[in-house]
Trainee: 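Encoded as C-alpha cells, here's the structure I'll be asking about.
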Amino acid sequence: MEEKAAISNADVADKLMSLAQLLSAQKENPFKVKAYRRAAKTVKALSESVAELVRDDADLTEYSGIGKAISGTIREIVQSGTTGQLEALRAQVSPEMAAMSAYPRLDPARVLRIYKKLKISSIAALEERLASGEIAQRLGARMDQHVREALTERHEMLLYEADNLVAAVEGFLLAKCPVTRVEVTGEYRRRVEIVGEISFLVETDDFPAVVLKLERYGGKSELLSSGENSALFRLASGILLKVEAEAGNNWGAALIVSTGSDNHIRKLEAAGGQVENLAASTEAAVYRKFGLSFIEPELREGDDEVELARRGEMPALVMAKDIRGELHAHSTSSDGANTIEQMALAARKKGYEYAGITDHSQSLKIAGGLSEQDLWKQIRYIDKLNERLSGIRILKSAEVDILVDGSLDYPDELLRELDYTVCSIHSKFSLGKAEQTERILRAMDNRYFTILGHATGRLLLKRPGYEIDAGRVIEHARKNGCFFEINSSPDRLDLSAENARMARGAGVKIAVTTDAHSMGEFDLIRCGIDQARRAGLSKESILNSRSWPQLRQLFQR
DNA sequence: GCCGTTTTCGGCCCGACTGTTTTCAGTCG
C-alpha cells in the first residue's frame, strides 16, 4: 500500500495558528495564545520535516517555544491530521468565527472589530474592503497590514530574518542535495530590506534530483514551476525559493543575471550586450569584458551604477570596519537593558573610540524618558565615568523628542551641556505632510539640533512612516548644519536607501547608528551598513567614520 | 503554554494619550 503523504510543516503550523486563533476568540489567557503562535512560527522555520521528526520520535521540546503540551499537540496533528482540542473549539464558535478559521493568521479580536465598524460579516467582504483601501483608511495602516498578511499566501520577511532562512536552505542544499557549489543571489544578495523571494545559483550534474530533494524541504515545499535548469518553490513561511543550475565556466555571468534587478540587467546589456552565455566564470570578468569597473551587488538596481562603472567613478562603499563609534544608544536610564558603563565597555570591546548615550527625553513616558533633573545628573555621572574609563569616550547626548510644535523636549540651557543631540518624532504621526515637514524644519532651527533620528518613523512590514517632504528636510539640514541617521534597527532602516542617496547628493552627512537598547544590539550596525551601501555611500559621507575631535568640529553650529 | 545566571512558580514590559470613540482599544519606544 502506498504510504500516506506526510503532513507538511506549513500545515502543522497552520493548525497551531488555528488553535491560537480560536483560543483567542474564547478569551483564553493571551500568553497561552501567544505560546501557540510562537510554536507555529518555530515549526514554519524548520528545515527538517516535523512529520519525520515525530516518526523518528525526536524530542520536539528541544526547539524554542515548544514545550511538553505543544509537543504532544504536534504529535497528534502529525498522526491524525488534526487535534481533538481544535475540533472541539471549532464546534463551539459562531459562524463568523468558523469562517475565519480558514484563515488561521487572522486575529479574531481585530477582525470582529473591523466587522463591527464596517458593518460586514464575511471574509469575502473583508477582502473587498481591503482591496478598496477602506481598512487602511478607517482602521489604520497596522490593521491593513495585518489583514493583508493573513489573507494572502505570499509573504515577505525582513532581510534580517531572511538571514536564518538563507543559512538553513544553503545548508540543506550542501548537505542533502547533489550540488558542488551554492551561492545566494537576488534581492537577498543586493541587501534589499524586505525579501519576498530568496534565490540560489547551484552547480550540479543532476538538477532533477535537486528539485526532488527541495520538494521535501521543511517537510514539503510546494513546487510552483520547474524547467530544465530552474525551479520555483513556496516555502512553509510563504517565501518563494528560486533555484537555478549553472555550469562553473559560466558561473560569473549567471551570478550577474540572477543577482541584478531587471533594470540593472537591462542597462548592463544596453552597455555591453548579452550577458547570458558569455562563458565568464567570474563576475569581474563580465564587467571587464563590458569595459566597466566592478559593481557591488548592493548597487545593482539599475540606478546610475552602470554609468558610474563606465566612467570609473564607482564610489568605494563604506564598510563596517570604517565605523569608529556609536551615536545612538540607550541605557537603563530610559528603556535600555544595560547600564551606561556596560554599554561603554561593550562599545570599547567592539573597537569603537566613542559611544553616545542617547536616552529618551522627558515626554516619552512609556520609554522611561529622563526628566531635566535626571539628565543633569546623567551628564555629571558621564563626566565622572569618562575620568575612570580608558579606551572609550562616552558622549553626552539624548534622543530628544521633537514636540508637535517643532520645539525640542528640553530647554536650551540643558541641551547646551550635551555633546550633540539625536532629535526624533515619537508622537502625532498622523499630521499631514506639510505640517510634519514644518515641524521638523522648525526643530532644525534650534541650534542644539544635531542629527534627525529615524526620519520617517517607518516600521517595515508593520506601518508606513509619517509623511515628510524629504527634499525640503534635506535642504534645510544642509543650510542649518544638521545631519541624518541611518537607523540600523532591522525594521526601521530609516533613512531609506533612496532618501540617503538624496541626502548624499545634497552633501549632507549621515550617521550609521544602531539605536541599541542592549549591548548585543551594537552588532546590528551591519544592517545599517548594508543600507548605506545600497545608497552608494562611501565612508566620507558617513559621520561616524570620523574621530570624535573631527565630529565635534562638524557638530559646531 | 513556555521558560529559568531572579529554575518549578510567576512572569510573559509598560503608561499616558488619543480618538470621532460613546467607555475602551490602539498607539508610541
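Hydrogens, waters and symmetry mates are skipped; everything else that's a heavy atom, side chains included, is used. A note on names: the letters A, B, ... follow the listed sequences, proteins ahead of strands, and every chain is numbered from 1.
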Trainee: Looking at B:dG1, B:dC28, B:dG26, which one has an atom nearest to any side-chain atom of A:Arg113?
Mentor: B:dG26
Trainee: What is the distance from CG of A:Leu364 to P of B:dC28, rounded to the nearest Å?
Mentor: 12 Å
Trainee: Is any NZ, NE, NH1 or NH2 atom of the basic residue among A:Arg442 and A:Asp405 found under 4.0 Å from an Asp or Glu carboxylate oxygen of the other?
Mentor: no
Trainee: Report the distance from atom NE2 of A:His426 to atom C1' of B:dT27, rounded to the nearest whole Å.
Mentor: 13 Å
Trainee: Tell me the partner of B:dT8, counting only Watson-Crick (N1-N3 plus N6-O4 or O6-N4) or G-U wobble (N1-O2 and O6-N3) with both under 3.5 Å; none if nothing fits.
Mentor: none
Trainee: Please measure how far the P atom in B:dA16 lies from the corresponding atom in B:dT21, and state the result in whole Å.
Mentor: 25 Å
Trainee: I want to check one thing: is the phosphate of B:dG29, taken as OP1 and OP2, less than 4.0 Å away from some side-chain N or O of A:Arg492?
Mentor: yes
Trainee: Not counting sequence neighbours, which residues clear ring-ring contact (aromatic ring centres under 6.0 Å, His included) with A:Phe429? List them please.
Mentor: A:Tyr466
Trainee: So, does A:Arg463 get its side chain near the phosphate of B:dC28, meaning an N or O under 4.0 Å from OP1 or OP2?
Mentor: yes
Trainee: Taking the side chain of A:Ala69 as its heavy atoms from C-beta onward, which of B:dC2, B:dG26, B:dC13 lies nearest to it?
Mentor: B:dC2
Trainee: Please confirm whether the backbone N or O of A:Leu537 pairs with a side-chain atom of A:Arg501, one donor and one acceptor, at under 3.5 Å?
Mentor: no
Trainee: Among B:dC28, B:dG26, B:dG1, which nucleotide sits nearest the side chain of A:Lys32?
Mentor: B:dG1
Trainee: Nearest to the side chain of A:Asn29, heavy atoms from C-beta on, is which of B:dG1, B:dC3, B:dG29?
Mentor: B:dG1
Trainee: Which nucleotide sits closest to the side chain of A:Lys34: B:dG29, B:dC13, B:dC2?
Mentor: B:dC13
Trainee: Tabulate protein N/O versus nucleotide N/O from nucleotides 16-22 of chain B, keeping only pairs under 3.5 Å, one per line.
Mentor:
none

